[in-house]
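See below for the structure under consideration.
Atoms within a ligand are numbered from 1 in the order they appear, just like the ligands themselves.
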Amino acid sequence: MNNEKTCGQVGPPEDFRDLSLGSLDEIFAANKFSAGKIKNFFLQLKRQKISSLSELKNVKNISAIIDLLPFKTLDVVSSVKDKDNNEKIVFKTTDGFFIESVLMRSKKKISICVSVQIGCKIGCNFCTTAKIGFVRSLSAWEIMEQIRIIYSTKIYPDRLSCVSIMGMGEPFDNLENVFKAVEWMNSNYGYQISREKITISTSGFIPFDNFLLYSKPTNLAVSLHSAKEEVRSKIMNKSPISLEKLKKYMIEYVKRSGIAVTVEYCLINGLNDSNSDAIELSEFLSDVFCKVNILNFNTTIVGKTAEDSASDLRASRASFFKSVTNDKIRRFVDILKSRGIPTLYRKSLATDIGAGCGQLGFSANNIKPTTI
Ligand code: SAH
Ligand code: SF4
């Protein structure tokens with residue numbers, strides 16, 4: 001087995017999905033595995049609910065593969081469904097921490113929202129994940145295992161249409177592993193999800209330089225939430241990147257990818273929801289090829305299990321931040337549209353089970369928050 005750098009450490013990988021696809025192909029070639037055998041192995045791995053490779057059925061000479069490929073998994077701790085069959089799944093990592101993923105179903109598509117870190121360093125004021133503090137980044141295999149478990153137990157034989165990398169954590173703070181996972185999602189070994197069906201969402205608090213070096217762009221969502229510095233830092237955090245610099249990065253992304261950047265704007269009562277906020281946002285975005293997704297503020301919660309989270313949410317709606325009325329949403333959207341900015345109100349799914357944007361942050365019982 002090649003030594004490969006994972007999570008900043010040198011040594012053999014814990015799991016073969018921490019390898020690049022190129023290194024994996026070298027291993028297969030060195031061991032003279034036939035294309036048919038490799039294809040079948042990955043097909044079965046995707047479809048079957050297993051906790052070790054030795055449990056895989058319908059793969060001939062599995063011991064040769066087991067010897068070559070280290071494999072690890074996550075425990076499913078709990079899952080909770082809403083009335084529309086969207087589902088929040090809580091996983092426990094091998095070192096005892098909790099992460100959450102969301103399976104979203106609509107008439108047209110099935111998508112999964114994955115986590116990339118345990119907690120988050122950015123510490124936005126309106127986000128549940130921030131309340132955990134920061135523990136560590138997830139490796140590529142941990143990102144992929146969220147998808148593999150959900151696909152094999154809840155989606156197969158249907159097709160997974162999209163992946164949102166906008167669960168717990170800041171993807172730009174774990175780019176090496178996020179990119180590795182994107183390669184897997186996209187590849188024939190993985191889920192053959194095209195790059196335009198994969199969205200990476202960033203708070204924009206970490207410089208985009210490394211992201212822009214990536215030659216195969218995915219969709220990019222930027223969490224903006226205000227075109228005013230002082231309002232943005234109230235909602236999110238003190239920003240080391242000015243809005244002007246953030247805009248330059250967005251324009252550079254568009255230039256390199258040819259894809260419109262998605263701007264996430266969460267409306268919060270009395271903070272960023274006035275007519276003048278909408279006008280200022282439209283002016284800020286007038287020279288950016290983009291589309292705006294308007295979200296409403298979701299109550300943030302911390303519960304002990306997925307079921308607790310849902311009941312905590314129902315029990316306690318008290319929060320410093322408040323959501324806005326439908327009238328306000330309509331007015332805000334209309335102003336942006338009338339000023340030529342493509343805008344959509346994206347109603348958060350599964351908020352009643354604590355699986356909406358900003359709500360992921362399973363209580364993480366034993367997690368001791370660390371500060372940055
Ligand atoms: N760290 C990344 C992705 C995870 S957060 C980021 O910040 O972009 C996913 C989205 O939820 C982001 O757009 C974030 O700004 C938004 N969000 C955070 N808290 C929220 C809340 N309470 N209500 C609605 N959206 C929220
Ligand atoms: Fe981290 Fe995103 Fe939550 Fe901010 S909104 S704390 S960047 S996960």
Side-chain angles (χ1 to χ4, degrees), residues 99-102 104 111-138 143 163-175 178 198-206 208 211 218-226 231-241 246 249-250 261-269 271-273 291-302 309 313 316-324 329 345-352 354-362 364 369-372:
I99 52 173
E100 300 184 346
S101 318
V102 187
M104 291 162 292
S111 36
I112 298 178
C113 177
V114 290
S115 291
V116 296
Q117 294 183 316
I118 303 167
C120 184
K121 278 182 207 162
I122 310 299
C124 298
N125 295 324
F126 71 149
C127 171
T128 308
T129 307
K131 295 181 184 172
I132 299 170
F134 175 70
V135 179
R136 67 169 174 86
S137 286
L138 299 181
I143 300 171
V163 174
S164 303
I165 305 182
M166 53 197 319
M168 292 165 62
E170 169 51 59
F172 279 21
D173 191 34
N174 186 20
L175 261 189
V178 167
I198 301 173
T199 302
I200 296 181
S201 175
T202 182
S203 59
F205 284 81
I206 291 179
F208 281 35
F211 179 79
T218 60
N219 279 328
L220 177 68
V222 174
S223 303
L224 192 67
H225 308 315
S226 179
V231 176
R232 190 162 191 264
S233 53
K234 260 188 213 154
I235 297 171
M236 299 175 79
N237 204 339
K238 282 258 169 281
S239 170
I241 296 182
L246 188 57
Y249 279 128
M250 286 156 70
V261 65
T262 302
V263 172
E264 304 282 339
Y265 194 103
C266 169
L267 286 169
I268 301 175
N269 193 38
L271 260 183
N272 63 354
D273 59 343
K291 54 184 187 211
V292 175
N293 275 348
I294 299 292
L295 323 166
N296 203 348
F297 171 72
N298 294 321
T299 312
T300 53
I301 37 145
V302 179
S309 297
L313 176 63
S316 160
R317 298 263 168 195
S319 162
F320 170 68
F321 295 123
K322 298 256 182 292
S323 56
V324 303
I329 296 170
Y345 168 49
R346 198 160 58 80
K347 192 172 181 320
S348 254
L349 296 174
T351 51
D352 52 341
C357 284
Q359 292 186 315
L360 300 185
F362 176 67
T370 55
T371 44
I372 42 168

**Request:** Please identify which atoms of ligand 1 are closer than 4.0 Å to at least one heavy atom of G167.
**Result:** 4 (C)
**Closest protein heavy atom to atom 9 (C) of ligand 1, given as residue, atom name and distance to 0.1 Å** = M166 O, 3.5 Å
**Message:** Below 4.0 Å from ligand 1: does a non-hydrogen atom of G169 turn up there or not?
**Reply:** yes
**Request:** Given side-chain hydrogen bond (donor to acceptor under 3.5 Å, both in side chains), test S348 with N298 step by step and report yes or no.
**Result:** CA-CA 8 Å; S348 254; N298 294 321; 3.0 Å; yes
**Complete:** atom 1 (Fe) of ligand 2: closest protein heavy atom, distance to 0.1 Å, is C120 SG, 2.3 Å
**Prompt:** Does ligand 1 have any atom sitting under 4.0 Å from a heavy atom of H225?
**Reply:** yes
**Message:** Between ligand 1 and T299, can you find any atom pair, the residue atom being a heavy atom, that is separated by under 4.0 Å?
**Reply:** no
**Complete:** Taking only non-hydrogen atoms of E170 and a 4.0 Å limit, the atoms of ligand 1 in range are 1 (N), 2 (C)
**Complete:** Atoms of ligand 1 under 4.0 Å from any heavy atom of N296, numbered from 1 in the order shown, are 24 (C)
**Message:** For a side-chain contact (heavy atoms from CB on, under 4.5 Å) check, start with the C-alpha distance between D173 and K121, then their side-chain angles and the critical distance, and finish with the verdict.
**Reply:** CA-CA 8 Å; D173 191 34; K121 278 182 207 162; 3.3 Å; yes
**atom 3 (C) of ligand 1 [closest protein heavy-atom partner, distance rounded to 0.1 Å]** = S201 O, 3.6 Å
**Contact check: F126 vs ligand 1, nitrogen or oxygen atoms, below 3.5 angstrom** = yes
**Fill in**
To atom 13 (O) of ligand 1, the nearest of S115, S223, S323 on a heavy-atom basis is S223
**Asked** Considering only the protein, which heavy-atom contact is closest to atom 23 (N) of ligand 1, and what is its distance?
**Response** N298 N, 2.9 Å
**Message:** Please list, in number order, the atoms of ligand 2 under 4.0 Å from a heavy atom of A130.
**Reply:** 6 (S)
**Item:** Chi angles and distances behind the side-chain contact (heavy atoms from CB on, under 4.5 Å) call for K234, L271
**Value:** CA-CA 9 Å; K234 260 188 213 154; L271 260 183; 4.0 Å; yes
**Prompt:** Under 3.5 Å, is there a donor-acceptor pair between the side chain of T129 and the main chain of G119?
**Reply:** no
**Fill in**
closest protein heavy atom to atom 4 (Fe) of ligand 2 is C124 SG, 2.4 Å
**Request:** Quick one: do L224 and L246 satisfy side-chain contact (heavy atoms from CB on, under 4.5 Å)? Show the steps, please.
**Result:** CA-CA 9 Å; L224 192 67; L246 188 57; 3.7 Å; yes
**Message:** Within the structure provided, determine whether Y345 and N296 are in side-chain contact (heavy-atom separation under 4.5 Å).
**Reply:** yes
**Request:** Mind telling me whether F297 and F126 have parallel, tilted or perpendicular rings, with 30° and 60° as the class edges?
**Result:** parallel
**Message:** Any side-chain to backbone donor/acceptor pair from H225 onto C266? Under 3.5 Å, distance only.
**Reply:** yes
**Prompt:** How are the rings of Y249 and F208 set to each other: parallel, tilted or perpendicular (split at 30° and 60°)?
**Reply:** parallel
**Message:** Keeping S115 on the side-chain end and E100 on the backbone end, is there a donor-acceptor pair under 3.5 Å?
**Reply:** yes
**Message:** Within the 4.0 Å heavy-atom shell around S203, which atoms of ligand 2 are there?
**Reply:** 7 (S)
**Message:** Under a 4.0 angstrom heavy-atom cut-off, which atoms of ligand 2 come close to G123?
**Reply:** 6 (S)
**Asked** Which residue and non-hydrogen atom of the protein lie closest to atom 25 (N) of ligand 1, and at what distance in Å?
**Response** C357 CB, 3.5 Å
**Message:** Which heavy atom of S137 sits nearest to which heavy atom of Q117, and what is that distance?
**Reply:** OG-NE2, 3.1 Å
**Message:** Please list, in number order, the atoms of ligand 1 under 4.0 Å from a heavy atom of S203.
**Reply:** 6 (C), 7 (O), 8 (O)
**E170 side-chain N/O to T202 backbone N/O, donor-acceptor pair under 3.5 Å** = no
**Request:** Kindly say whether R346 contributes a backbone atom to a donor-acceptor pair with the side chain of N293 at under 3.5 angstrom?
**Result:** no
**Asked** Quick one: does C266 get a heavy atom under 4.0 Å from ligand 1?
**Response** yes
**Asked** Counting each atom of ligand 1 from 1 as listed, which ones have a heavy atom of C127 under 4.0 Å away?
**Response** 18 (C), 19 (N)
**Prompt:** Looking at atom 2 (Fe) of ligand 2, what's its closest protein heavy atom, distance included?
**Reply:** G169 O, 4.4 Å
**Prompt:** Within less than 2.8 Å of atom 4 (Fe) of ligand 2, any N, O or S from C127?
**Reply:** no
**Fill in**
For T202, the ligand 1 atoms with a heavy-atom partner under 4.0 Å come out as 6 (C), 8 (O)
**Request:** Let me see the working for I235 and N125 under side-chain contact (heavy atoms from CB on, under 4.5 Å), right down to the final yes or no.
**Result:** CA-CA 6 Å; I235 297 171; N125 295 324; over 6 Å; no
